[in-house]
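Take a look at the structure set out below.
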Amino acid sequence: MENRTRSFELDDLSAFVAVARAGGFREAARISGSSASGLSNALRRLETRLGTRLLHRSTRSISLTETGARLFEQLSPALAVAFGKE
């Protein structure tokens, strides 16, 4: 069960980075081949687990909160290395 939890956490972190890079859920879904609703659910889980908002959401756009921007800066290089996308 512990590995499964880690997998979900990594997937949720990856979803956050994908949405932040793409600038929105639909574009991130198109690029990643997943659904916008799946990415939204992953972000909601991550924000709940961390106890803070990572994105400001509107019907037409997203932007990073201050916490989201800091997390994105730290995660981007680490995930690129983890997935061999340096």
Side-chain angles (χ1 to χ4, degrees):
M1 186 73 137
E2 187 175 317
N3 285 338
R4 189 173 179 191
T5 300
R6 284 186 188 154
S7 176
F8 283 128
E9 290 172 356
L10 186 56
D11 290 346
D12 294 351
L13 291 169
S14 296
F16 166 68
V17 170
V19 170
R21 276 195 183 129
F25 289 96
R26 279 187 279 174
E27 182 64 10
R30 187 189 68 74
I31 292 168
S32 68
S34 46
S35 70
S37 63
L39 293 172
S40 179
N41 289 336
L43 263 288
R44 203 173 352 251
R45 279 192 307 268
L46 182 59
E47 288 176 328
T48 298
R49 193 174 312 116
L50 296 175
T52 190
R53 301 276 297 179
L54 299 173
L55 300 174
H56 296 292
R57 296 166 177 84
S58 77
T59 55
R60 301 223 185 270
S61 67
I62 61 113
S63 62
L64 295 171
T65 63
E66 185 178 326
T67 302
R70 285 194 315 262
L71 183 61
F72 179 72
E73 288 174 15
Q74 293 174 351
L75 280 179
S76 293
L79 288 177
V81 169
F83 291 110
K85 297 178 183 177
E86 293 184 277

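When a residue number appears, it is its place in the shown sequence, counting from 1.
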What closest approach, in Å, do [X] and [Y] show between heavy atoms, and which atom pair accounts for it?
X	Y	value
Ala15	Leu39	CB-CD2, 3.6 Å
Ala36	Ala29	N-CB, 3.5 Å
Ala22	Ile31	CB-CD1, 4.2 Å

Fill in: Any donor-acceptor pair under 3.5 Å from Thr65 side chain to Arg53 backbone
yes

Item to complete: Mark yes or no for whether Ser32, through its side chain, and Ala28, through its backbone, hold a donor-acceptor pair below 3.5 Å.
Response: yes

To the nearest 0.5 Å, tell me how far [X] [atom1] sits from [Y] [atom2].
X	Y	atom1	atom2	answer
Ser76	Arg21	OG	CZ	4.5 Å
Glu66	Thr52	CD	OG1	10.0 Å
Ser34	Phe25	OG	CZ	11.0 Å

Worksheet item: Run the side-chain contact (heavy atoms from CB on, under 4.5 Å) check on Glu9 and Arg45 step by step: do they pass?
Response: CA-CA 9 Å; Glu9 290 172 356; Arg45 279 192 307 268; over 6 Å; no

Discussion item. I'd like to check Leu55 versus Ser63 (side-chain heavy atoms, cut-off strictly below 4.5 Å). Are they in contact?
Written reply: no

Worksheet item: Is it true that the side chains of Ser37 and Ser40 contain a donor and an acceptor less than 3.5 Å apart?
Response: no

Worksheet item: Passes side-chain contact (heavy atoms from CB on, under 4.5 Å), Phe16 versus Leu64? Steps please.
Response: CA-CA 10 Å; Phe16 166 68; Leu64 295 171; 3.8 Å; yes

Item to complete: Please answer: with hydrophobic residues joined when any side-chain heavy atoms are less than 4.5 Å apart, are Val19 and Leu10 in the same cluster?
Response: yes

Item to complete: Begin from the C-alpha positions of Leu54 and Leu50 and carry the test side-chain contact (heavy atoms from CB on, under 4.5 Å) through to its verdict.
Response: CA-CA 9 Å; Leu54 299 173; Leu50 296 175; 4.0 Å; yes

Fill in: Ion pair Glu47/Arg57, N-O distance below 4.0 Å
yes

Worksheet item: Ion pair present between Glu27 and Arg30, side-chain N to carboxylate O less than 4.0 angstrom?
Response: yes

